[in-house]
Q: 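Submitted below is the structure of interest, expressed as structure tokens.
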There are 2 protein chains.
Amino acid sequence: MLGGMGPDATVDFMAKVIALTPAAGDQDHIRMLVDHNPRVPDRQAAILAGGENPGPVLAAMAARLEASGADFLVIPCNTAHVFQDDILAATRIPLVSIIDASVEAAETEAPDASAIGLLATSGCLQAGIYQQALEAAGRTSILPTAGELDDLMALIKSIKAGRTDARAATAMGGLAKALVARGAQAIIAGCTEIPLVLAGAALDMPLISSTDALAARTVGLALGEIPLPNRQP
Amino acid sequence: MLGGMGPDATVDFMAKVIALTPAAGDQDHIRMLVDHNPRVPDRQAAILAGGENPGPVLAAMAARLEASGADFLVIPCNTAHVFQDDILAATRIPLVSIIDASVEAAETEAPDASAIGLLATSGCLQAGIYQQALEAAGRTSILPTAGELDDLMALIKSIKAGRTDARAATAMGGLAKALVARGAQAIIAGCTEIPLVLAGAALDMPLISSTDALAARTVGLALGEIPLPNRQP
């Protein structure tokens, strides 16, 4: 696991993997090799403002996890997937994409939704990785307006600083509802900070948590319920 | 970090490290290399019943963390410290002991307490690592009776299986109060499952959480506020 982006989101992801694992005792649980590295260069700054490229750092982390015996890689951070080509170039084990897991969870949880609202970071949306995956799945993306995106980024920043109170939840719910008002029939919480404040019950609409989608896939793969994708078929 | 013993306790420890780190954004947080390995052979079975020795597995985990660049080692599991000599023999970086951190936290938080109640696993108490550390600090240990220890072990097992409800908290509080009734002037929660159900506020007595004590020390060491102990002076 390439973790720490952000720290609380990684812990939330690990807790969900543990909760989703059927276990009567310690030894039934899944081994996770975690490089919890919050000091990866800022993904937003790299995508939007020419800041330091986090790709080489992510690639080095991934290579070390592979050398330590990892069978596959996961990253509980959506935006970091913008740099997945650097990781793939440095490793030979599968990288299980949170983007693909979330889009496929949307197909399962909201099979009739043709328009999917995306709550994700500016950098993630600018790179278009979610929009492309949804288009490949025959879905339309409903995006935040520029003003909503500013609010979302401010909210994510405050969640990263530990503010996960009811006010943050209400503000996040408001951003989701704005997408619904513009036609979204389901929402993907495509940033792992979002599920720290927003749960599905808060909306009348299917809400796909990228954290939950990746955790479910991780457990399925680790327990052999889902076959591991082959990097070199 | 040698983690996964148990899984929820490791996540709790990581969350406490994150919460104790002064940070305005991701990049201010501490990097943690975590081998979250719940499949380490059962520590209780090894100490009490001649089961497989977890020492070699812990040593191999520690050596790999050192090779991956770790500056020091922590284990958010008290009983695993019974096998610390195996880890020390396989590595050259410091192992920051949860036992020492907890006994020193007791000296700070309960300076006048001469008798310290110990809630810890059968294996941990049988090995005597807490009793020795407390004796070296000039304190007496107040231990659970055989019956209380049976109850404590059953409770820890149910916490590991995810039962962290109010009933578990009440039962754990009862075990702490039994030690107080026999003269304990402070309690060390010397098993990282215990703070998952029991908080200090539940007692009229100082309650030292071994998880919190190790988390505070880890943050202090990682931020350079506490000098790193030297393995080879």
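Below, read A as the first sequence line, B as the second, and so on, with proteins coming before strands; counting in each chain starts at 1. Remember, it's a predicted structure, so these values are computed and weren't measured experimentally.
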Q: Is a donor on one side and an acceptor on the other found under 3.5 Å between the side chain of B:Gln131 and the backbone of B:Leu125?
A: yes

Q: Donor-acceptor pair, distance only, cut-off 3.5 Å: does the side chain of B:Gln44 make one with the backbone of B:Gly123?
A: yes

Q: If you count heavy-atom pairs under 4.5 Å between each of A:Met1, A:Arg64, A:Met61 and chain B, which one has the most?
A: A:Arg64

Q: Measuring heavy-atom distances to chain A, does B:Val17 have an atom under 4.5 Å in its side chain, in its backbone, in both, or in neither?
A: neither

Q: Ignoring hydrogens and angles, tell me if any N or O in the side chain of A:Thr192 forms a donor-acceptor pair with the backbone of A:Pro76 under 3.5 Å.
A: yes

Q: Heavy atoms only, distances under 4.5 angstrom: which of B:Asn37, B:Thr10, B:Val11 has the most pairs with chain A? Name it, please.
A: B:Asn37

Q: So which residue, B:Arg31, B:Met5, B:Met14, ends up with the most heavy-atom pairs under 4.5 Å with chain A?
A: B:Arg31

Q: Rounded at 0.5 Å granularity, tell me how far OG1 in B:Thr91 sits from CD in B:Gln84.
A: 10.0 Å

Q: Between chain B and each of A:Val40, A:Ile30, A:Asp35, count heavy-atom pairs under 4.5 Å; write down the option with the most.
A: A:Asp35

Q: Let's test your reading of the structure: which of A:Asp12, A:Asp28, A:Asp8 forms the most heavy-atom pairs below 4.5 Å with chain B?
A: A:Asp8

Q: A:Arg43 versus chain B, heavy atoms under 4.5 Å apart: side chain, backbone, both or neither?
A: side chain

Q: By a 4.5 Å heavy-atom criterion (distance strictly below it), what part of B:Ala15 contacts chain A: side chain, backbone, both, or neither?
A: both

Q: State, to 0.1 Å, how close B:Leu198 and B:Ala169 come at their nearest heavy-atom pair, and which atoms those are.
A: CD1-O, 4.1 Å

Q: Using a 4.5 angstrom heavy-atom cutoff, name the option from A:Gly6, A:Pro7, A:Gly69, A:Ala161 with the most pairs to chain B.
A: A:Pro7

Q: Say whether, by atom type as modelled, one donor and one acceptor occur between the side chain of A:His81 and the main chain of A:Ile98 under 3.5 angstrom.
A: yes

Q: Identify which of B:Thr21, B:Asp42, B:Leu65 forms the greatest number of heavy-atom pairs closer than 4.5 Å to chain A.
A: B:Asp42

Q: Can you name the nearest heavy-atom pair linking A:Ala120 to A:Leu152, along with the distance?
A: O-CD2, 3.2 Å

Q: Can you tell me which portion of B:Leu33 sits under 4.5 Å from chain A's heavy atoms? Options are side chain, backbone, both or neither.
A: both

Q: When you compare the side chain of B:Asp85 with that of B:Leu88, does any pair of heavy atoms fall below 4.5 Å?
A: yes

